[in-house]
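We name chains A, B, ... by the order of the sequence lines, and we start the count at 1 in each one.
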Amino acid sequence: MASSNSLMDSLFQRSLEDLIKGIRLQLHGESSFISKSLDEIRREIKSTDLSTKSIALQKLSYLAALHGVDMSWAAFHAVEVVSSSRFEDKRIGYHAIAQSFNDQTPVLLLITNQLRKDLNSSNEYEVSLALECLSRIGTDDLARDLTSEVFTLLGSSKAFVKKKAIGVVLRVFDKYPDAVKVCFKRLVENLESSDPHILSAVVGVFCELTTKDPRSYLPLAPEFYKILVDSRNNWVLIKVLKVFAKLASIEPRLAKKVADPICEHMRRNVGKSLLFECIRTVVSSLSDQETALKLAVARIRDFLVDDDPNLRYLGLHALSIVAPKHLWAVLENREAIVKALSDEDPNVKLEALHLLMAMVNEDNVSEISRILMNYALKSDLLFCNEVIASVLLACSRNSYEIIVDFDWYVSLLGEMARIPHCQRGQEIGHQLIDIGMRVKDARRELVRISRALLIDPALLGNQFLHPILSAAAWASGEYVEFSKTSYDIAEALLQPRTSLLPPSIRAIYIHSTFKVLVFSLKAYFSAQDSTSSPLVEESTNYVSSLVNAFTYESISSLVDMIELGLCSLSGTLDVEVQERAKNVLGFTGMIKHKIIEKVTSPESVIEASRAVAFMEDVFSEELGPVSSTAQEKVPLPDGLELNENLEDLQEICGEFLKPVVDSNSNSFSSSEKISFSVAKLRISDQLEASSSSSSHPPESASLLAEHRKRHGLYYLSSQKSDDHDDSNGNNNNTLNEYPPANEILADSFNPKKKMNQSKPRPVVVKLDEGDDIKMKPDGSSNHEPLSRAIQTALMGKGKEKEREKDNPERSLDSGTKEQSLRKDKKTKKKNGEKSSKHRSRRRSDKDASAAKPVDIVDFLL
Amino acid sequence: MIKAVMMMNTQGKPRLAKFYNYMPVEKQQELIRGVFSVLCSRPENVSNFLEIDSLFGPDSRLVYKHYATLYFVLVFDGSENELAMLDLIQVPVETLDKCFSNVCELDIVFNYSKMHAVLDEIVFGGQVLETSSAEVMKAVEEISKLEAASNSISLVPKSVSGWRGR
């Protein structure tokens, strides 16, 4: 059966067309048909008959390209097929190779000879196949071995072959920079070709080369300039403009020189593609040339009002390039930009949005935000969130630099949460907390907004808003002293729908409830008897000013409500929630008891108020922002080996860790964990009495203080300077130290600009200014061998090459690259005349211009 | 440089896919799907450009054109001009129109080899080398002739020779 099958198959091999028809006939289960065909192909491709093999390979490459079938296994068969003498097979083979080979393909080197043979073929289409293949998969080895063939083809008399040979040079140079010595001269000669195909190809190659390493090609500026002036071919001109955009950005005098011809092109009635390229070149690289820029901006305006959405989009895109340096160009087109916000094209809308954000400053931020919020309400999910993200980004830039009225901004953040499509909860939540920590004056409004967010039951169902609720919960707990209705907040934090929240956020809710409770109790006790305890007295000053007046009834109903809300959580699965709920329950249990006892023994009230005061103290430390570079500033202690392999450590600790984990599960009964013994407090009371100097109560706080003293750098210490800092040599750059948590750096408050503002801008705590990412050094090292080869080729000096060889270490040291270059150029100048025999006059001009870049302009004239 | 050329129909079935940098087939399929999912959500009469950095890495642009049941897509980087690329799409389409006199999706489905012949004349290793559809036609016809000639050399039908080889 099997043998008859294979006989049938070899007699009637399915062609590619049969395969395609077969696939199209499958209504469902296309994949089973494909895998059946794949079995056929595997069988056929082993055939000794080359044309059977090649058809199988063709089917395979079809399936690979359009149905995602792996064809790497057939690499060797592709090599076989490509050796066929029939053109059709050869084409199929080369196609498969270009499609499926990569640098790691093991049989790659087997095609070197075949490629060489075909590159030398008299049939230009075979040559073309080989060139195409080389341009796709050329490796270092292939490029090296075939350089001489490529060189020969660069001199071909057939334009069809020559243009492809030029195209392949890009790959060859990239893989084998030494090919520059052989091929570069012929390549450059083609810049003067009169054949538009050749010129287009060679300019395209130089455009790619210049993108990677502009400096090396500066000496060729005169040739490019000639093309820029003479050519009337849009494709060629576009590429030359791209070359000049790169060159002009490193050689400003060139900008001045090319501005005129570019303006000339813009005034001519040229194709839109060329016109746009002119505009882009001007706005990106020649923006210091006033006339050119004005002309370009005028052309942009035409684009903005065009009917073609492509031109509108590109016009806005060009404006966004010019925006950072010449904002006037954007402001001039304000109306068109705002109009573009309601364009039906999402691209146009997005560009308009970016431009609008570029215009934002502290005067118009509220107006622009208002406009944008209206758009956000109306638009689709994607754009809505894009709008929100842009506003968030623009407003928070540089520590909320453009925000003067933080009350307004905080309420704007609250509004954002209510936009139905809003998915930027993470960022909004982050900013709410950040503002709370940085801007003292905004806290009252923050608490008000937080309360409004918390009591809105609709928000709880939207998971994108959970980070906002988390931030609101934290803020209303941390800054509860600014709230007028702490009872409401506790109620909101305990509402039944909080069960929709993920456990991590519920834990924050519970913790905030705790803070609210402590605050309320404190307020209650201090109102009760402000003179009974010196501890209470200390902090009554700010509490008394607020409206949180608690009676015995209201406080016990608050406590009851909290107990009721949390008791169901003490059995929850999530340990974090469970633990926090039990903490609070333990505390309420104790306090409640004492409050009720009040009638019988006033002693217990004092105890309770003391306990509350201690808790209050625990929460009283104000939190501040932490610099993003905090970790980097911790000096590496001597002897700490960060990069050492830690495997042995795990081995050593493995035994030790296990029992700890096991014992954890049972040894602590939950009641033990949450019990808050008053007796303990009493002891610490006595301790305190004996050492009156320390006002820090219980061990937790004192431990914290101890910890901070030791690791001062990790925290925002409240002491101005520790001797610890001095010992680390940090004292000399005090600016880079952390600002104390509760104080504001004097220089962070910039009493700038707006003196006539009705409301002064509140202080925003700013950490070190050096948060910016350090500029990376030029990534040119990748292209270094190529750049060196090009520069050497342009200098054309054998002597230079020799020296390069003698000094290989120079090439390794990228730091000295420029220096050595300059040296090369100088020596070149001296040698320039000697070698002028085989070079045209113009060429030596170019060399001189390379030696003294100052002269480029003169030579261009 | 051009990074990829794709044609797919309005149901998202790829009809032609060519990536000028090596990419594993799974990645290719993923990119094709990714591009289609963006394209099919675009309304008519909007711009032909897409921000595509999320799929093809930074400095990638995409232009597409919608013909009847087909999308023609070009992905390229910053060294190409957007409007020129839009014009470039016209070149293979014109050429195919000449090849098949009023090209339709079926022609493209069944002429895998010819499609690539046309494309390879226009885009060479990611660089645009030919923009005249007349020139492309000339080369493609030469290639077809060469293929036909190579077939007539082996007069014995391949299936029979395969059978005799056994």
Next item on the list: State, with a plain yes or no, whether a side-chain heavy atom of A:Leu131 is found less than 4.5 Å away from one of B:Phe124.
Entry: yes
Note to self: For a side-chain contact (heavy atoms from CB on, under 4.5 Å) check, start with the C-alpha distance between A:His95 and B:Ser113, then their side-chain angles and the critical distance, and finish with the verdict.
What the structure shows: CA-CA 9 Å; A:His95 179 80; B:Ser113 165; over 6 Å; no
Next item on the list: Evaluate whether atom NZ of A:Lys175 has more than 12 neighbouring non-hydrogen atoms of other residues, nucleotides or ligands under 6.0 angstrom away.
Entry: yes
Next item on the list: Side-chain contact test, heavy atoms from C-beta onward, threshold under 4.5 Å: evaluate it for B:Met1 versus A:Leu170 and give yes or no.
Entry: yes
Check: Among A:Asp308, A:Val168, A:Thr211, A:Ile137, which has the most heavy-atom pairs under 4.5 Å with chain B?
Finding: A:Val168
Next item on the list: Could you check if a side-chain atom of B:Asn81 sits within less than 4.5 angstrom of a side-chain atom of A:Phe276, using non-hydrogen atoms only?
Entry: yes
Item checked: Side chains of B:Asp120 and A:Tyr94 in contact at under 4.5 Å (non-hydrogen atoms) -> no
Next item on the list: Find the one option among B:Ser132, B:Ala84, B:Gly78 whose heavy-atom pairs under 4.5 Å with chain A are most numerous.
Entry: B:Ala84
Check: For B:Lys98, does the NZ atom sit with more than 12 other heavy atoms under 6.0 Å from it, leaving out its own atoms?
Finding: yes
Next item on the list: Using a cut-off of under 4.5 Å on heavy-atom pairs, state which of B:Gln29, B:Met6, B:Glu135 scores highest against chain A.
Entry: B:Gln29
Check: Do A:Ile20 and B:Val109 have side-chain heavy atoms sitting under 4.5 Å apart?
Finding: yes
Note to self: Whether B:Glu147 and A:Arg86 form a salt bridge (side-chain N of Lys/Arg under 4.0 Å from carboxylate O of Asp/Glu) is what I want to check.
What the structure shows: no
Check: Is there side-chain contact between B:Glu51 and A:Glu351, with heavy atoms separated by less than 4.5 Å?
Finding: yes
Notebook entry, point to check: Considering only heavy atoms from C-beta outward, does the side chain of A:Leu314 approach that of B:Phe49 to under 4.5 Å?
Noted result: yes
Notebook entry, point to check: Does the distance from a Lys or Arg side-chain N to an Asp or Glu carboxylate O, for A:Arg280 and B:Glu82, drop under 4.0 Å?
Noted result: yes
Next item on the list: Decide ring-ring contact (aromatic ring centres under 6.0 Å, His included) for A:Tyr62 and B:His116; before the verdict, give the C-alpha distance in whole Å, the side-chain angles of both, and the deciding distance to 0.1 Å.
Entry: CA-CA 11 Å; A:Tyr62 174 85; B:His116 282 279; 9.4 Å; no
Check: Going by atom types alone, do B:Ser47 and A:Asn347 pair a side-chain donor with an acceptor below 3.5 Å?
Finding: yes
Notebook entry, point to check: Quick one: does A:Pro346's side chain get under 4.5 Å of B:Arg42's, heavy atoms only?
Noted result: yes
Notebook entry, point to check: What part of A:Arg171 gets closer than 4.5 Å to chain B, counting heavy atoms only: side chain, backbone, both or neither?
Noted result: neither
Next item on the list: Go through A:Gly271, A:Ser84, A:Ser61 and name the one with the most non-hydrogen pairs under 4.5 angstrom from chain B.
Entry: A:Ser61
Checklist line | Which of B:Val46, B:Asn21, B:Asn45 touches chain A most, by non-hydrogen pairs under 4.5 Å | finding: B:Val46
Next item on the list: Measure A:Leu16 against the heavy atoms of chain B and call it side chain, backbone, both or neither at under 4.5 Å.
Entry: side chain
Item checked: Under-4.0 Å salt bridge between B:Glu130 and A:Lys164 -> no
Notebook entry, point to check: In terms of heavy-atom proximity below 4.5 Å to chain A, should B:Thr131 be classed as side chain, backbone, both, or neither?
Noted result: side chain
